[in-house]
Amino acid sequence: MRNGFLMAKDNYSVVRIQRIGFEQATSRVRKIAERDPGLSYLEMYEAVASDSSVYTAGFSRSMSQLGNDTSEIFFDCEPLQKQWARENGLRIQDTDNWEVEIALAQLRKISPEVIYFQDIFTLPAALRRDIKKLVPSVRLSIIQKGYPGETRDLSDADILLVSSPILFERYRHQEPHLVYHSFDSSVGRVKSRLLSGPCEPLIFAGSTRAPEDRYWMLRRLLAETPIQMWIDEDLRTHKRHGGLLNVDNWKRILRRKIVEEVRGKPSGVLKATFSAFAKNSKARNILTEAARCEEVESELRKLPDVGLGLLPAKTLCDEFPTRCHSSVFGQEYYDLLSRAQIVFNMHSSQSRDTVDNMKMFEATGMGACLLTDTGRNMKDLFDEDYEVVTYCSADEAIEKAKYLIENPEEAQTVATAGRARTMACHTMAHRCQEIDGIITERL
């Protein structure tokens, strides 16, 4: 507002750079390219963006609707990026570094004022820090970080956006902006349950995060409820953490116990405890001897699984083959959510006492009843047991899952309220309005 008149905002050009990351998603992109090798870069880009295998194109769409010139770069999408290189006459000098060469060439051609790093791994950290020298048009560098376990140095960001209260507190010295994940309302199609009813009473879709607490929760749900799961099980992790106990397993168990003891105390206490443990030769000898003792291992396996960090010999897919299915991505994932009556959710252990993951908004946005763990910030996102159903323990989760399955009308009531809240407050368009305001204020 100036002299009583409302001033139009200054628009800008912005590029969001992101990576596909998951091998399964990358394979889907390759199939798109192989299905029609004559696709142009633009046609292939549209196919990849509409597939929604990782992040959707909702950011570009919403920012463009706000009047900004918006582009996206899928940094590690080889078929797409190399097609751009061919169309633009770019000869790749270093075949082992093609991702960086092509991305920098794209950025220089687009000449954006703002570069938005959707993931800190899309460029090597050294290049990211020098991005204004490498691409002189860039005036603002934005880093968005969602996973609460992050501890890296992100001080090169002019604007730091975080999607977790944990990260907001951890990076407080950088004055970050807390911008939660969201739902892209353009993806998928919400199924009318009133007409056809749900196809899946209770589902989970995602990573098991073995050997974290989520893995053990999923295991109990499979044992005690009719849940169907579409999961990503890392067989290497399972093999490493299962089988015979070794010194590393013993150390991990003891360290977990130490963490539980000092949780909430100053970080120096944890560091000092680990240091004392590492220097204690008696402790090391005990570990070594115990690891060789099959009787000790046998006794340990009689204890409850939760808290030990040891995985059974069989994976969940091996043990529950009729109810565990391969991961789904993109439109298949959203179609699955639309067929579900209840979607189970549990945050990673890194989230501690907060809630922040994408599944909360995806499940409610697609019209499912969300059964999720709660946190101190839940009140900022949803009304508990009205818009979503929450639990604080495995027993409560199982009890509420069974109740919702037996009372589908109540589950549908929650689902309807949850979707209304998401569409009113948590869409990609809402988040982009926040981000646009932050950028405009800094330019």
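Quick note: residue numbers are just sequence positions, from 1. The basis for the numbers below is simple: all heavy atoms, side chains too, and nothing from hydrogens, waters or symmetry mates.
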>> I'd like to know if the side chain of Thr422 reaches the main chain of Arg419, judged simply by a donor and an acceptor atom lying under 3.5 Å from each other, with no hydrogens or angles considered.
In response: no

> Are Lys82 and Ile102 side-chain neighbours, meaning at least one heavy-atom pair lies under 4.5 Å?
Replying inline: yes

> Between Phe204 and Leu218, is a side-chain contact (heavy atoms from CB on, under 4.5 Å) present by the stated rule, with each step listed?
Replying inline: CA-CA 8 Å; Phe204 171 80; Leu218 296 179; 3.7 Å; yes

> Below 4.5 Å, heavy atoms only, C-beta onward: do Val135 and Ile115 meet side chain to side chain?
Replying inline: no

>> Please find the pair of heavy atoms, one from Met423 and one from Ser185, that lie closest to each other, and give the distance.
In response: CE-CB, 3.6 Å

> With distance as the sole criterion, is a donor-acceptor pair present between the side chains of Arg431 and His426 under 3.5 Å?
Replying inline: yes

> What pair of heavy atoms forms the shortest contact from Leu107 to Val15, and how long is it?
Replying inline: CD2-CG1, 3.8 Å

> Passes side chain to side chain donor-acceptor pair (under 3.5 Å), Glu409 versus Thr413? Steps please.
Replying inline: CA-CA 6 Å; Glu409 298 84 3; Thr413 298; over 6 Å; no

> If you measure from CG on Asp119 to CD1 on Ile17, what distance do you get to the nearest 0.5 Å?
Replying inline: 10.0 Å

>> Suppose we call two aromatic rings close when their centres sit under 6.0 Å apart. Are Phe361 and His181 close by that rule?
In response: no

> Can you tell me if Asn377 uses its side chain to pair, donor with acceptor, with the backbone of Val355 under 3.5 Å?
Replying inline: yes

> Any sub-3.5 Å donor-acceptor pair from Asn88's side-chain atoms to Leu90's backbone N or O?
Replying inline: no

> Side-chain donor-acceptor pair under 3.5 Å between Thr208 and Glu233, yes or no?
Replying inline: no

> Any side-chain heavy atom of Lys400 within less than 4.5 Å of one from Asp385?
Replying inline: yes

>> Tell me the closest heavy-atom pair linking Thr354 and Ile166, and the distance in Å.
In response: OG1-CG1, 3.7 Å

> Are Val114 and Ser13 close enough, and set up right, to give a side-chain contact (heavy atoms from CB on, under 4.5 Å), and what steps lead you there?
Replying inline: CA-CA 6 Å; Val114 179; Ser13 57; over 6 Å; no

>> Any salt bridge linking Lys402 with Glu406? Criterion: basic side-chain nitrogen under 4.0 Å from a carboxylate oxygen.
In response: no

>> If we check side-chain hydrogen bond (donor to acceptor under 3.5 Å, both in side chains) with Tyr12, which of these qualifies: Thr440, Asp436, Asp69?
In response: Asp436

> Just wondering, do Trp84 and Leu80 contact through their side chains at under 4.5 Å, heavy atoms?
Replying inline: no

> Do we see a donor-acceptor contact under 3.5 Å between the side chains of Ser186 and Asp184?
Replying inline: yes

> Which heavy atom in Thr225 sits nearest to a heavy atom in Arg323, and how many Å separate them?
Replying inline: O-NH1, 2.9 Å

>> For Cys392, is there any backbone N or O sitting under 3.5 Å from a side-chain donor or acceptor partner on Glu396?
In response: yes

> Would Ser163 and Gln144 count as a side chain to side chain donor-acceptor pair (under 3.5 Å) if you check the C-alpha gap in whole Å, the side-chain angles of each, and the deciding distance to 0.1 Å?
Replying inline: CA-CA 8 Å; Ser163 302; Gln144 191 279 334; 2.7 Å; yes

> Under the 3.5 angstrom rule, does the side chain of Ser111 hit a backbone N or O of Arg108 as a donor-acceptor pair?
Replying inline: yes

> Using 4.0 Å as the upper bound for N to carboxylate O, is an ion pair formed by Asp158 and Arg139?
Replying inline: no

>> Set out, in order, the CA-CA distance, both residues' side-chain angles and the distance that settles side-chain contact (heavy atoms from CB on, under 4.5 Å) for Ile439 and Met63, then state yes or no.
In response: CA-CA 11 Å; Ile439 293 173; Met63 292 297 277; 4.2 Å; yes

> In this structure, which one of Val388, Leu336, Leu337 forms a side-chain contact (heavy atoms from CB on, under 4.5 Å) with Val343?
Replying inline: Leu337

>> So Leu161 and Lys145, do their side chains get closer than 4.5 Å, heavy atoms only?
In response: no

>> Is the shortest side-chain heavy-atom distance between Tyr45 and Phe74 below 4.5 Å?
In response: yes

> Passes side-chain contact (heavy atoms from CB on, under 4.5 Å), Leu39 versus Gln83? Steps please.
Replying inline: CA-CA 9 Å; Leu39 290 176; Gln83 179 62 29; over 6 Å; no

>> Hydrogens and angles aside, do Tyr403 and Glu410 bring a side-chain donor and acceptor to less than 3.5 Å of each other?
In response: yes

> Would Gln118 and Arg16 count as having a side-chain donor-acceptor pair, cut-off 3.5 Å?
Replying inline: yes

> Is there a side-chain contact between Gln93 and Glu101, using heavy atoms and a 4.5 Å cut-off?
Replying inline: yes

>> Taking Asp356's backbone N and O only, do any of them form a donor-acceptor pair with Ser164's side chain (distance below 3.5 Å, no angle check)?
In response: no

>> Between Glu362 and Lys359 (salt bridge meaning N to carboxylate O under 4.0 Å), is one present in this structure?
In response: no

>> Pair Thr372, Asn345 - check side chain to side chain donor-acceptor pair (under 3.5 Å), show working.
In response: CA-CA 5 Å; Thr372 184; Asn345 182 46; 3.0 Å; yes

>> Side chains of Tyr391 and Phe344, heavy atoms from C-beta outward: is any pair under 4.5 Å?
In response: yes

>> I'd like to know if the side chain of Thr122 and the backbone of Arg19 have a donor-acceptor N/O pair within less than 3.5 Å.
In response: no

> Can the ring centroids of Phe75 and Phe121 be said to lie less than 6.0 angstrom from one another?
Replying inline: no

> Does the side chain of Glu72 come under 3.5 Å of the side chain of Gln18 through a donor N or O and an acceptor N or O?
Replying inline: yes

> Do NZ/NE/NH1/NH2 and the carboxylate oxygens of Glu169 and Arg376 come within less than 4.0 Å?
Replying inline: yes

> Of all heavy-atom pairs between Glu99 and Asp76, which one has the smallest distance, and what is that distance?
Replying inline: CG-CA, 4.3 Å

> Distance-only, no hydrogens or angles: does the Gln106 side chain make a donor-acceptor pair with backbone N or O of Ile73 under 3.5 Å?
Replying inline: no

>> Run Ser155 and Asp153 through side chain to side chain donor-acceptor pair (under 3.5 Å) and show every step you take.
In response: CA-CA 6 Å; Ser155 60; Asp153 176 19; 2.7 Å; yes

> Rounded to the nearest 0.5 Å, how far apart are CZ of Arg339 and CD of Glu200?
Replying inline: 6.0 Å

>> Under 4.0 Å between a side-chain nitrogen and a carboxylate oxygen: does that hold for Glu150 and Arg170?
In response: no

> Under the 3.5 angstrom rule, does the side chain of Arg128 hit a backbone N or O of Leu123 as a donor-acceptor pair?
Replying inline: no

>> Hydrogens and angles aside, do Thr315 and Asp318 bring a side-chain donor and acceptor to less than 3.5 Å of each other?
In response: yes

> Do you see a donor-acceptor pair shorter than 3.5 Å between the side chains of Thr390 and Thr374?
Replying inline: no

> Do the side chain of Ser62 and the main chain of Cys432 share a donor and acceptor less than 3.5 angstrom apart?
Replying inline: no

>> Tell me the closest heavy-atom pair linking Trp230 and Ser326, and the distance in Å.
In response: CD1-O, 3.3 Å

> Are Asn68 and Thr70 close enough that a side-chain donor and a side-chain acceptor fall under 3.5 Å?
Replying inline: no

